[in-house]
Structures are given as C-alpha cells and as structure tokens.
Amino acid sequence: MLILGLETSCDETAAAVVEDGRRILSSVVSSQIAIHHRYGGVVPELASRKHLEAIVPVTTEALEDAGIGFSQVEAIAVTQGPGLVGALLVGFSFAKGLARMLNVAWRGVDHLEGHLHSVFLTDDPPSFPFVALLASGGHTGIYHVAGPTRFALLGQTRDDAAGEAFDKVSKMLHLGYPGGAVISRLARRGDPERIRFPRAYIDKERFDFSFSGLKTAVNQYIQRCGDDLENRRADIAAGFQEAVVDVLVYKLVHAAKTTGCRDIALVGGVAANGRLRERIYQEGTRNGFSVHIPPADLCGDNAAMIAAVGYHYLREGDRSAMTDDVYSRYKRA
Ligand code: KG4
Ligand code: ZN
C-alpha cells in the first residue's frame with residue numbers, strides 16, 4: 001500500500017510516500033527554523049501561515065521524488081495531534097480535502113506514535129515487544145510497545161521535555177533556538193566531568209522524568225559565572241548534556257530490565273544527540289539488549305514516520321471521519 005504521509009504539528013512542513021509502512025520512497029521536510037529563530041522559539045501564528053504556503057509544494061515534491069502521481073496514492077496518513085492547533089489544522093484539513101478528492105481512505109495519527117514508528121523505517125527494526133525512549137521538544141517518556149498499534153506509556157516527564165531543556169539552556173547561553181544541535185556541538189569541546197549538575201532520577205524504580213531542577217541549576221551556575229562565562233560555556237554544555245544523558249540512559253535500560261524486553265529503541269528529536277546515541281549503544285549492548293536508533297534525519301519531525309504508523313491502522317480498515325478534529329494535548333497511551 002502506497003501511503004502519503006503529512007506532518008504539520010510544529011515548525012516542519014513534511015510530506016512523504018512510504019510503501020507498506022516500511023519502505024521510504026520519498027521524504028520531504030521543509031523547516032521553518034530560519035523564520036522562528038529570531039523570536040527565540042516557535043511563533044504559532046507564523047507557523048500556521050508558513051505551513052499553508054508550504055503544504056502544496058512540499059506534497060508535490062514528495063510525489064515527484066517518489067515518481068508517482070496523485071492517482072497512485074492509495075491512502076493518506078496525517079498528524080492529528082499533539083501540537084499547535086493552527087499548525088495541525090493546515091495538514092489535517094488538507095489531508096481531508098485531498099482524501100475526498102482522490103476518493104481514498106485517510107487516518108489521523110498521533111505524532112508520538114509516529115516517532116515510535118520511525119525505528120521501523122530502518123534496515124534493523126526491533127522485534128516486539130520492545131521498550132522505547134521518546135525524547136523530543138514537546139515530550140519525554142518511556143513506552144512499552146507490544147505491537148504496531150499497541151503502545152503503553154510507562155512514565156513521562158513531570159515538567160519539561162528533554163529537548164525543551166536543551167532549548168532553554170541554549171537560550172541561557174545566548175546560543176539561540178533550537179538548542180539541541182548547538183549544545184551538543186559545543187559540548188564536544190567541553191569536559192563533562194568538570195561541572196557536576198544534579199541528576200533527577202525521582203524514583204529509580206519508576207519511569208518519570210523531571211528536567212526543571214537541572215535547568216534551574218544551570219541557570220544559577222551561569223549567574224555565578226559573571227565575566228568568566230565565555231570560558232566556561234563548553235564545560236557547562238558538556239556538564240548539562242551529561243546530566244540529561246545519564247538519566248535517560250538509566251531509565252531506558254532499567255525499563256528493559258523491568259519489562260524483560262530484549263530490544264530497546266531511542267526515538268524523537270533528541271535521539272539525534274551523538275552522546276546520547278553512543279551511551280545508549282554502550283549501555284544497551286553491555287546489558288545484552290539489541291539497540292535500535294534511527295538515523296538522525298528520521299529522529300526529527302518527518303512525515304515518513306506518520307505514514308509508517310498510519311499504514312497499520314489503515315490496513316485494518318481503521319479510518320478517520322470527516323467530522324474528526326485535531327487535538328493539542330498529549331493523549332494518555
Ligand atoms: O521530535 P522533534 O523534532 O520535535 C518535537 O516533536 O518536539 O524534537 C525537537 C527537539 C528540540 O527540542 C531540539 O532542541 C531537540 O529535539 N534536538 C536535540 C538535538 N537535535 C534536536 N537535542 C539534543 N541534541 C541534539 N543533537
Ligand atoms: Zn516530534
């Protein structure tokens with residue numbers, strides 16, 4: 001089944017063509033980062049407008065790259081939530097209209113389920129059941145995945161998402177938005193041991209996260225630096241990153257041990273982080289788990305992952321209705 005995937009939940013307009021939920025024929029991502037950069041974060045109103053401008057050209061490009069025409073699209077999968085309502089509505093309404101015009105089935109899917117499926121778009125997908133750490137800019141949680149549409153949330157952040165913490169620390173260091181890539185680059189020049197920031201494990205037996213205390217500790221440290229901040233920036237970035245990574249790695253490995261899963265996966269925008277990838281591979285394999293992490297371009301927001309999860313619903317005849325609407329907040333899995 002050839003599925004057209006569409007994603008407009010935040011600041012990326014994306015379209016992709018995926019065959020049978022596994023094989024990517026094309027994946028186009030048009031980022032709005034350059035537009036939102038100067039405001040230090042995503043401006044919802046601007047995002048909606050830019051999605052509106054980009055959705056048709058991005059979709060056309062995805063079909064061209066895949067070498068197919070509109071008539072060969074067999075079904076459509078589109079992000080329904082969570083995300084910015086105005087942004088989501090652009091992709092969702094477009095998908096509805098297109099599905100009606102082409103007379104094909106369509107399904108709204110959860111953005112987080114999409115991230116969890118990004119790992120199936122690789123040559124080395126995990127076997128069920130597996131545990132996954134999903135760390136993005138809007139969410140951080142650990143999932144038990146028992147089947148293609150069977151996701152159970154084991155624990156999640158009580159405050160900030162891991163990516164959000166990267167973005168905020170970047171802002172504190174005046175390095176701009178989004179912060180993940182900048183902080184990880186800067187951290188390579190720093191010593192992760194020099195400044196020891198607090199690790200918030202909360203309860204070591206549970207899978208909840210908290211990053212707001214760490215964010216405050218980094219902020220206080222920065223305030224105390226005064227004129228010496230410039231010299232300590234790389235060490236701050238490295239120390240902060242190590243504190244985040246330590247907790248994420250511990251919780252994922254612990255979840256695998258607790259649930260008895262052999263396979264573990266790392267997904268979401270933060271999964272592009274080199275240090276996190278390296279540590280998950282190390283700790284995962286050391287503990288005898290099979291580790292699965294998608295390439296960096298599939299970690300950030302994209303539409304291929306949306307098509308991938310949509311396939312499993314559509315295959316079972318589970319479709320959306322024209323009266324369905326988008327949602328902004330996280331659904332409890
Ligand atoms: O999944 P994603 O593209 O969008 C959401 O669904 O939120 O994740 C974006 C988040 C941002 O907070 C960004 O700073 C973070 O992922 N990120 C990173 C890296 N690349 C992106 N965080 C840490 N290290 C990176 N290399
Ligand atoms: Zn995302």
Side-chain angles (χ1 to χ4, degrees), residues 5-14 16 27 29-33 36-37 40-42 44 47 78-84 87-88 91 109-119 132-141 143 156-157 160-173 175-188 190 192 209 211 214-215 218 237-238 240-249 265-280 293-306 308-309 328-330:
L6 298 166
E7 150 69 39
T8 63
S9 69
C10 190
D11 58 350
E12 248 96 47
T13 315
S27 179
V29 179
S30 166
S31 173
Q32 303 179 357
I33 285 176
H36 301 289
H37 183 82
V42 178
V78 59
T79 307
Q80 189 167 4
L84 303 168
L88 286 163
V109 303
D110 189 89
H111 181 79
L112 306 176
E113 292 185 6
H115 275 300
L116 290 168
H117 263 266
S118 60
V119 79
L133 165 64
L134 194 176
S136 72
H139 186 67
T140 294
Y143 292 79
Q156 64 181 330
T157 184
D160 294 348
E164 199 178 347
F166 271 89
D167 295 336
K168 287 181 178 166
V169 167
S170 172
K171 219 170 187 175
M172 290 174 205
L173 292 171
L175 296 171
Y177 170 88
V182 191
I183 295 284
S184 60
R185 226 176 298 129
L186 182 63
R188 270 184 234 139
F209 299 92
F211 295 105
L214 170 61
K215 182 185 68 185
V218 173
F240 158 75
Q241 176 174 273
E242 206 64 12
V244 175
V245 168
D246 273 353
V247 175
L248 294 178
V249 171
L266 170 66
V267 298
V270 182
N273 185 279
R275 180 69 180 145
L276 178 61
R277 300 170 75 94
E278 175 184 81
R279 289 278 311 280
I280 297 262
I293 310 177
D297 59 337
L298 287 175
C299 293
D301 288 346
N302 65 85
M305 67 186 196
I306 301 303
V309 66
S328 62
R329 303 283 295 270
Y330 301 110

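Values below: every heavy atom of this structure, side chains too, minus hydrogens, waters and symmetry copies. For ligands, and for the atoms within them, numbers begin at 1 and follow the listed sequence.
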Worksheet item: Do any of the N/O/S atoms of H139, backbone or side chain, fall under 2.8 Å from the Zn ion (ligand 2)?
Response: no
Discussion item. Check the orientation of F209 and F211. Use parallel for under 30°, tilted for 30 to 60°, and perpendicular for over 60°.
Written reply: parallel
Worksheet item: Backbone or side chain, does H111 get an N/O/S atom under 2.8 Å to the Zn ion (ligand 2)?
Response: yes
Practice prompt. Return the minimal non-hydrogen interatomic distance between L175 and L186, and the atom names on each side.
Written response: CD1-CD2, 3.6 Å
Worksheet item: In terms of residue, atom name and distance, what is the protein heavy atom nearest to atom 18 (C) of ligand 1?
Response: G180 CA, 3.3 Å
Worksheet item: Counting N and O atoms only, with roles assigned by atom type, does the side chain of T79 sit under 3.5 Å from a partner on the main chain of T8, one being a donor and the other an acceptor?
Response: no
Practice prompt. Check ligand 1 against G300 and write out every atom of the ligand that is under 4.0 Å from a heavy-atom position of the residue.
Written response: 3 (O)
Item to complete: Identify, for atom 20 (N) of ligand 1, the protein heavy atom at the shortest distance, and state residue, atom and that distance.
Response: G269 O, 3.6 Å
Worksheet entry | Pairing of K171 and E164 as salt bridge, 4.0 angstrom limit | no
Worksheet item: Who's the nearest protein heavy-atom neighbour of atom 10 (C) of ligand 1, and how far?
Response: G137 N, 3.4 Å
Worksheet item: Is there a donor-acceptor contact under 3.5 Å from the side chain of S30 to the main chain of T13?
Response: no
Practice prompt. Please write down residue, atom name and distance for the protein heavy atom closest to atom 2 (P) of ligand 1.
Written response: D301 OD1, 3.4 Å
Item to complete: Heavy atoms only: give me the nearest A161-G138 pair and the separation to one decimal.
Response: CB-C, 3.7 Å
Response to the item:
For G138, the ligand 1 atoms with a heavy-atom partner under 4.0 Å come out as 7 (O)
Worksheet item: Between S9 and G81, is there a donor-acceptor pair closer than 3.5 Å when you use the side chain of the first and the backbone of the second?
Response: no
Discussion item. Give the atom numbers and elements of ligand 1 that come within less than 4.0 Å of a heavy atom of V270.
Written reply: 16 (O), 18 (C), 22 (N), 23 (C)
Worksheet entry | Donor-acceptor contact present, side-chain D297 to main-chain G300, <3.5 Å | no
Discussion item. Distance under 4.0 Å to a non-hydrogen atom of G163: what atoms of ligand 1 satisfy this?
Written reply: 12 (O), 14 (O)
Fill in: Element-labelled atoms of ligand 1 that are located less than 4.0 Å from some non-hydrogen atom of H115
1 (O), 6 (O)
Worksheet item: Of all N, O or S atoms in D301, which has the smallest distance to the Zn ion (ligand 2)?
Response: OD1
Worksheet item: In the protein, what heavy atom is nearest to atom 13 (C) of ligand 1, and what distance, to one decimal place, separates them?
Response: D167 OD1, 3.8 Å
Discussion item. Test your reading of the model: is there a side-chain donor-acceptor pair from D11 to the backbone of Q32, 3.5 Å cut-off?
Written reply: no
Worksheet item: Distance-only, no hydrogens or angles: does the E7 side chain make a donor-acceptor pair with backbone N or O of A14 under 3.5 Å?
Response: no
Worksheet item: Which protein non-hydrogen atom lies closest to atom 24 (N) of ligand 1, naming both residue and atom, and how far is it?
Response: N273 ND2, 3.0 Å
Practice prompt. Could you find the nearest protein heavy atom to atom 6 (O) of ligand 1 and give me its residue, atom name and distance?
Written response: H111 NE2, 3.1 Å
Worksheet item: What atoms in ligand 1 come closer than 4.0 Å to a heavy atom of S184?
Response: 26 (N)
